[in-house]
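Before any comments, here is the structure.
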Amino acid sequence: MWFIFFWTIFLAVTMFIGGYFMFRKFLKRLPKEDGKSILDWQDYYIEKTVHLWSDEDKAFLNELVEPVPELFRDVAKGKIAGKIGEYAVEEKAETMTRELIIKGYIAATPKRDHKFLIKKLKEKQIDPDRYETYFQQQ
C-alpha cells in the first residue's frame with residue numbers, strides 16, 4: 001500500500017516537472033508583437049552570422065559552455081550564439097571577435113554563471129575588467 005502511495009507521488013512530481021519545462025518551451029515558441037517568437041529570432045541571428053564564425057571562435061564558445069550539463073549544452077550554445085549573432089548584426093561586424101562572444105555570453109546567461117566566465121577569462125589571460133560595463137548592464 002505504501003509503495004503504491006509513494007509511486008503515485010513520484011509519478012505526479014515527475015510529470016509536473018516535465019510539464020513545466022515543456023510549457024516554458026511552448027511560451028518561447030509563441031509569436032510576439034512582431035510575428036516572430038524568441039526562438040525564431042534566435043535562429044534568424046544564427047543563420048545571419050554563421051559565416052562569421054571561425055573554428056577558433058567555435059572552440060572558444062565550447063569552452064565557455066563547459067559548465068553546462070551535457071544534456072542542456074546544445075540549447076545553451078544556441079541561446080548564446082543567437083545573442084552573439086544579434087550583437088554582430090547590430091554592430092554590422094565583418095568578423096566574429098572575442099569581445100562579441102564575451103558580450104553575448106554575458107547577456108545570454110544568468111548572473112550566477114558569470115563567476116565561471118571571469119575564471120575562464122583569467123585562465124585565458126584576458127582582463128575581465130574590460131567587460132565590467134557588460135556585467136553591470138545585466
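Computation of the quantities below employed the complete heavy-atom set of this structure, encompassing side-chain atoms and omitting hydrogens, waters and symmetry-equivalent molecules. This structure is a prediction, so every number in the text was calculated from the model and none was measured.
- Residues Phe72 and Val65 have side chains not in contact (no heavy-atom distance under 4.5 Å, counting atoms from C-beta outward).
- Scanning all heavy atoms of the two residues, the minimum distance from Tyr87 to Ala107 falls at OH-CB, 3.3 Å.
- Annotation for Glu90: atom CD counts as buried by contact number, over 12 foreign heavy atoms lying within 6.0 Å.
- Across every non-hydrogen atom of Ile46 and Ala81, the tightest pair is CG1-C, 4.0 Å.
- From Tyr105, atom OH reaches atom NZ of Lys120 across 10.0 Å, with rounding to the nearest 0.5 Å.
- Summarising the local packing, NZ of Lys25 is surrounded by 12 or fewer heavy atoms from other residues, nucleotides or ligands at distances under 6.0 Å.
- Residues Ile118 and Ile126 are members of one and the same hydrophobic cluster, defined by side-chain heavy-atom contacts under 4.5 angstrom among Ile, Leu, Val, Met, Phe, Trp and Tyr.
- Side chain of Thr49 to backbone of Leu52: no donor-acceptor contact under 3.5 angstrom is found.
- Atom-to-atom distance recorded for Ile102:CD1 and Arg130:CZ is 7.5 Å, nearest 0.5 angstrom.
- No hydrogens or angles considered: a donor-acceptor pair under 3.5 Å links the side chains of Tyr134 and Glu99.
- With hydrophobic clusters built from ILVMFWY side chains whose heavy atoms lie under 4.5 angstrom apart, Leu39 does not share a cluster with Ile84.
- Atom CE of Met96 and atom NE2 of His51 lie 8.5 Å apart (nearest 0.5 Å).
- Connection of Tyr45 to Ile80 is not established within any shared hydrophobic cluster, with ILVMFWY side chains joined at heavy-atom distances below 4.5 Å, either directly or through further cluster members.
- Evaluation of the side chain to side chain donor-acceptor pair (under 3.5 Å) test over residues 58-69, restricted to residues two or more places apart or in two chains, returns Asn62-Lys77, Glu63-Lys124.
- Taken together through direct or relayed side-chain contacts under 4.5 Å among Ile, Leu, Val, Met, Phe, Trp and Tyr, Tyr131 and Leu117 form part of one hydrophobic cluster.
- Within a 6.0 Å sphere centred on CD of Glu56, heavy atoms belonging to other residues, nucleotides or ligands number 12 at most.
- Remark: Lys103 NZ is packed, more than 12 non-hydrogen atoms of other residues, nucleotides or ligands lying under 6.0 Å away.
- Looking at every heavy atom in both residues, Phe135 comes nearest to Pro128 through CE1-O, 4.1 Å.
- Residue Lys36 qualifies as enclosed at atom NZ: its count of foreign heavy atoms under 6.0 Å is above 12.
- Under a 4.5 Å side-chain heavy-atom criterion applied to ILVMFWY residues, the cluster that includes Val13 comprises Trp2, Phe5, Phe6, Ile9, Ile17, Tyr20, Phe21 as well.
- The hydrophobic cluster containing Ile38 does not contain Tyr44, counting ILVMFWY residues as joined when their side-chain heavy atoms lie under 4.5 angstrom apart, directly or transitively.
- Looking only at side-chain heavy atoms (C-beta outward), Thr109 and Leu64 stay at 4.5 Å or farther from each other.
- Taking each heavy atom of Glu91 and Leu100 in turn, the nearest pair found is OE1-CD2, 3.4 Å.
- Note: Leu30 CG to Asp40 CG = 10.5 Å, rounded to the nearest 0.5 Å.
- Atom CD1 of Ile106 sits about 12.5 Å away from atom NZ of Lys83, to the nearest 0.5 Å.
- Clustering of Ile, Leu, Val, Met, Phe, Trp and Tyr side chains at separations under 4.5 Å leaves Phe16 isolated, with no partner residue.
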